[in-house]
Amino acid sequence: MQLYNSLTHQKDTFRTYEPGKVRMYTCGPTVYHFAHIGNLRTYMMEDVLEKYLRYTGLDVQRIMNITDVGHLTSDGDTGDDKMLKGARREHKTVMEIAAYYTDAFFADCEKLNIKKPEHIQPATGLIGDFIHIIETLLEKGYAYEAGGNVYFDTSKLDQYYRFHDFREEDLEVGVREGVEGDENKRNKADFVLWFTKSKFDDQELKWESPWGLGYPGWHIECTGIAIRYAGEHLDLHCGGIDNVFPHHTNEIAQSEAYLGHEWCPQWFHVMHLNTTSGKMSKSKGEFLTVSLLEEKGFSPMAYRFFCMQSHYRKSLVFSWENLENAQGAYQKLLAKIRPLCAAQDAVDEAAKAALLAKFTEAMDNDLNTAQAITVIYDILKADTTAATKRACIEAIDSVLSLDLLKNAAALAEQKDAAAEIPAEVQALVEQRAAARKAKDFAAADAIRDQITALGWQIRETREGTVVTPIG
Ligand code: AMP
Ligand code: ZN
């Protein structure tokens with residue numbers, strides 16, 4: 001497989017340190033709020049990558065951190081503490097916020113068919129490991145104490161900027177909004193490994209350390225967690241494009257300084273999902289969550305389909321209209337697959353292998369999911385048995401996870417049921433859909449009662465509204 005590598009700036013042949021085994025690390029969410037659908041685009045593309053590596057026969061162990069301490073609003077160690085901000089907003093403790101939004105994150109992942117990683121590790125659960133790594137970095141001369149905090153000394157490295165040719169002059173303090181100078185730093189690019197002098201008076205989470213009561217910086221958690229579960233050699237490290245600098249740059253600096261050798265040769269970054277007005281945000285404009293998509297009548301699978309239709313290395317613009325188009329295309333695709341569900345003929349193994357070869361060709365070319373979807377349409381048009389087509393779609397969907405056969409079968413059931421719905425009930429169903437669209441939920445509920453009184457029940461499913469007789 002050829003996969004674009006942010007370290008080498010080219011598509012490289014994917015290799016593993018140990019034959020047949022992939023140790024894959026994914027930077028996880030900061031659990032101070034719901035994930036927005038941009039964050040989830042990144043997790044979805046990482047999910048497809050993981051599933052495709054499995055499809056090719058590799059044994060994948062995936063690791064994900066949960067950031068529940070140390071992440072400030074600026075990735076460069078300044079600004080407010082994100083977790084404290086969340087706790088204040090909701091008048092709860094940091095740990096309550098962390099538990100609530102961790103669950104919410106995995107609930108969203110489940111709706112979007114994003115598989116859970118094998119190892120999920122909250123940062124607060126591995127503080128001892130981080131302290132050990134920081135102690136070693138101090139012993140080796142890669143870190144220093146200043147003003148009570150411990151910093152990584154980037155001047156000790158031959159090459160600190162590993163992804164880009166950043167020059168230190170380009171990092172003028174004050175250039176980015178909210179960035180404050182930190183006079184303890186010896187070099188502008190140095191970063192915090194351990195905070196003891198917290199500027200947050202009400203910092204809730206603190207641990208004893210050789211440098212006093214404090215808490216870890218954000219970057220050290222990924223190094224500590226990755227090394228704990230994957231050992232000294234990681235095969236693949238993933239995240240959104242904004243993680244490249246400073247987060248992943250700092251992860252490499254401290255990991256390689258600690259280990260004394262190369263750490264991870266392959267870096268996978270997903271470009272952002274933007275809105276028509278620009279950057280996606282949790283605080284400004286419409287806060288786009290999976291629940292909001294559902295409230296507006298979109299299925300999570302339509303969103304997954306929308307993301308799969310474009311390449312992960314291109315930024316993607318979200319608009320309701322674009323999603324509407326994707327949902328329409330998804331429904332049409334299901335309708336095309338529907339007749340295959342009941343196929344009774346035989347699978348032509350040679351034809352199946354030839355069709356699936358087109359799928360692997362697409363995916364081997366830097367995870368081209370858009371091309372993989374085109375292959376599905378080609379399969380539907382192919383001159384072969386229905387069972388062969390169904391088998392191919394099943395295999396492809398073990399990677400794309402679009403619930404194609406399941407939802408096509410549900411559509412078939414729904415269509416059969418729809419045929420028998422009396423016109424009076426059908427009219428009410430349509431009125432209710434219009435009321436929901438207009439967000440007149442009181443009217444929608446009243447119409448539902450009318451439908452129930454006529455002996456029919458109405459259910460919202462991932463595939464849309466299903467109407468069935470009561471009893
Ligand atoms: P956070 O919870 O802020 O640490 O972000 C979780 C993940 O989402 C990280 O891998 C980010 O790089 C990624 N991310 C943040 N914003 C976007 C976006 N608009 N589109 C895609 N991925 C994003
Ligand atoms: Zn990370």
Visitor: Examine K282 relative to F34 and say whether NZ or CZ is less than 6.0 Å from the centre of the six-membered ring and inside a 45° cone about the ring axis.
Guide: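 No, K282 does not lie over the aromatic ring of F34.
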Visitor: Look only at the side chain of Q266 and the backbone of F14, and say whether a donor-acceptor pair between them is shorter than 3.5 Å.
Guide: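 No; zero donor-acceptor contacts below 3.5 Å.
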Visitor: Please evaluate residues V290 and Y303 with respect to the criterion side chain to side chain contact (heavy atoms under 4.5 Å, CB included), reporting the C-alpha separation (whole Å), side-chain torsions for both, the decisive distance (0.1 Å), and the verdict.
Guide: CA-CA 9 Å; V290 174; Y303 179 58; 5.7 Å; no
Visitor: Does the K389 side chain pair with the main chain of L380, one donor and one acceptor, at a distance under 3.5 Å?
Guide: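 Yes, because the side chain of K389 sits within donor-acceptor range (under 3.5 Å) of the backbone of L380.
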Visitor: Between the side chains of R62 and E50, is the shortest nitrogen-to-carboxylate-oxygen separation below 4.0 Å, so that they form an ion pair?
Guide: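 Here E50 pairs with R62 in a salt bridge, since their nearest N and O are under 4.0 Å apart.
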Visitor: Name the residue from Q371, K11, Q2 that meets the side chain to side chain donor-acceptor pair (under 3.5 Å) definition with N365.
Guide: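 Among Q371, K11, Q2, the one meeting side chain to side chain donor-acceptor pair (under 3.5 Å) with N365 is K11.
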Visitor: For the pair E110 and K116, find out whether any cationic side-chain nitrogen is under 4.0 Å from an anionic carboxylate oxygen.
Guide: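 So E110 does not pair with K116 through a salt bridge.
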Visitor: Using atom types as modelled and distance alone, determine if a side-chain donor or acceptor of T67 lies under 3.5 Å from a backbone N or O of T30.
Guide: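 Absent.
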Visitor: Give a yes or no on whether the backbone of K115 and the side-chain of D47 come within a donor-acceptor separation of less than 3.5 Å.
Guide: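 Checked: pair present.
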Visitor: For D445, which residues count as a side chain to side chain contact (heavy atoms under 4.5 Å, CB included) partner, sequence neighbours excluded?
Guide: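 Here no residue qualifies.
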Visitor: So, does W267 use its side chain to make a donor-acceptor pair with the main chain of C264 at under 3.5 Å?
Guide: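 Answer holds: yes.
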Visitor: Below 4.5 Å, heavy atoms only, C-beta onward: do N5 and Q10 meet side chain to side chain?
Guide: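 Of all side-chain heavy-atom pairs linking Q10 with N5, none is under 4.5 Å.
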Visitor: Return yes if some donor-acceptor pair links the side-chain N/O of H311 with the main-chain N/O of K314 below 3.5 Å, else return no.
Guide: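 No; judged by distance alone, with no hydrogens or angles, the pair does not exist.
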Visitor: Are H9 and Y4 an aromatic pair by the rule of ring centers under 6.0 Å?
Guide: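 No.
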Visitor: Mind checking the CG-CD1 spacing from L323 to I37? Nearest 0.5 Å is all I need.
Guide: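 If I round to the nearest 0.5 Å, the distance is 7.0 Å.
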Visitor: Please list, chain by chain and in numerical order, all residues satisfying side chain to side chain contact (heavy atoms under 4.5 Å, CB included) with K21, sequence neighbours excluded.
Guide: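 Only E18, R23, D59 meet the side chain to side chain contact (heavy atoms under 4.5 Å, CB included) criterion with K21.
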Visitor: Tell me which one of K279, H272, M271 satisfies side chain to side chain contact (heavy atoms under 4.5 Å, CB included) with D242.
Guide: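 That would be H272.
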Visitor: Is a donor on one side and an acceptor on the other found under 3.5 Å between the side chain of Q431 and the backbone of I447?
Guide: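 Here the side-chain-to-backbone pair does not exist.
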Visitor: Report the distance from atom SG of C27 to atom CH2 of W218, rounding to the nearest 0.5 Å.
Guide: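 Rounded to the nearest 0.5 Å, the SG-CH2 separation comes to 7.0 Å.
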Visitor: Kindly say whether I458 contributes a backbone atom to a donor-acceptor pair with the side chain of R448 at under 3.5 angstrom?
Guide: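 Pair found, side chain donor or acceptor close to backbone of I458.
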Visitor: Sort out for me which residue in H269, R162, H248 forms a side chain to side chain donor-acceptor pair (under 3.5 Å) with S6.
Guide: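 Filter result, single survivor: H269.
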Visitor: Checking the side chain of R304 only, and the main-chain atoms of L400 only, is there a donor and an acceptor separated by less than 3.5 Å?
Guide: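 Yes, R304 side chain to L400 backbone: donor-acceptor pair under 3.5 Å.
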Visitor: Which residue is it: F163, F268, Y25? I am looking for the one with a ring pair (Phe, Tyr, Trp, His ring centres under 6.0 Å) to H237.
Guide: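 Only match with H237 under ring pair (Phe, Tyr, Trp, His ring centres under 6.0 Å): Y25.
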Visitor: Measuring centre to centre across the rings, with the benzene-like ring taken for any Trp, is F245 within less than 6.0 Å of Y161?
Guide: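 F245 vs Y161: aromatic centres under 6.0 Å.
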Visitor: Measure from the side-chain N and O atoms of R54 to the backbone N and O of V60, and report whether any donor-acceptor pair falls under 3.5 Å.
Guide: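 Judged by distance alone, yes, a pair lies under 3.5 Å.
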Visitor: Would you indicate whether K332, at its atom NZ, is surrounded by more than 12 heavy atoms from other residues, nucleotides or ligands within a distance under 6.0 Å?
Guide: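 Atom NZ in K332 is not packed in, count stays at 12 or less.
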Visitor: Where do Y32 and D68 land on the side chain to side chain contact (heavy atoms under 4.5 Å, CB included) test, with the steps shown first?
Guide: CA-CA 8 Å; Y32 72 113; D68 51 2; over 6 Å; no
Visitor: Does any non-hydrogen side-chain atom of Y55 lie less than 4.5 Å from one of L356?
Guide: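 With C-beta onward as the side chain, the pair touches.
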Visitor: I want to check something: taking the side chain as every heavy atom from C-beta on, are T13 and M1 in contact at a cut-off of under 4.5 Å?
Guide: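 Sidechains of M1 and T13: no contact.
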Visitor: Measure the shortest side-chain to side-chain distance between Q331 and L411 over non-hydrogen atoms and say whether it is less than 4.5 angstrom.
Guide: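 Q331 reaches L411 side chain to side chain.
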Visitor: In this structure, are over 12 heavy atoms from other groups packed under 6.0 Å from E424 atom CD?
Guide: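 No, the 6.0 Å shell around CD holds no more than 12 heavy atoms from other groups.
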Visitor: Are E90 and K85 within salt-bridge range, i.e. N to O under 4.0 Å?
Guide: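 K85 and E90: not salt-bridged.
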Visitor: Go through T452 and W456 one step at a time and tell me if the side chain to side chain contact (heavy atoms under 4.5 Å, CB included) criterion holds.
Guide: CA-CA 5 Å; T452 314; W456 291 77; over 6 Å; no
Visitor: Hey, mind stepping through Y100 and E96 against side chain to side chain contact (heavy atoms under 4.5 Å, CB included) and telling me if it holds?
Guide: CA-CA 6 Å; Y100 180 78; E96 282 167 348; over 6 Å; no
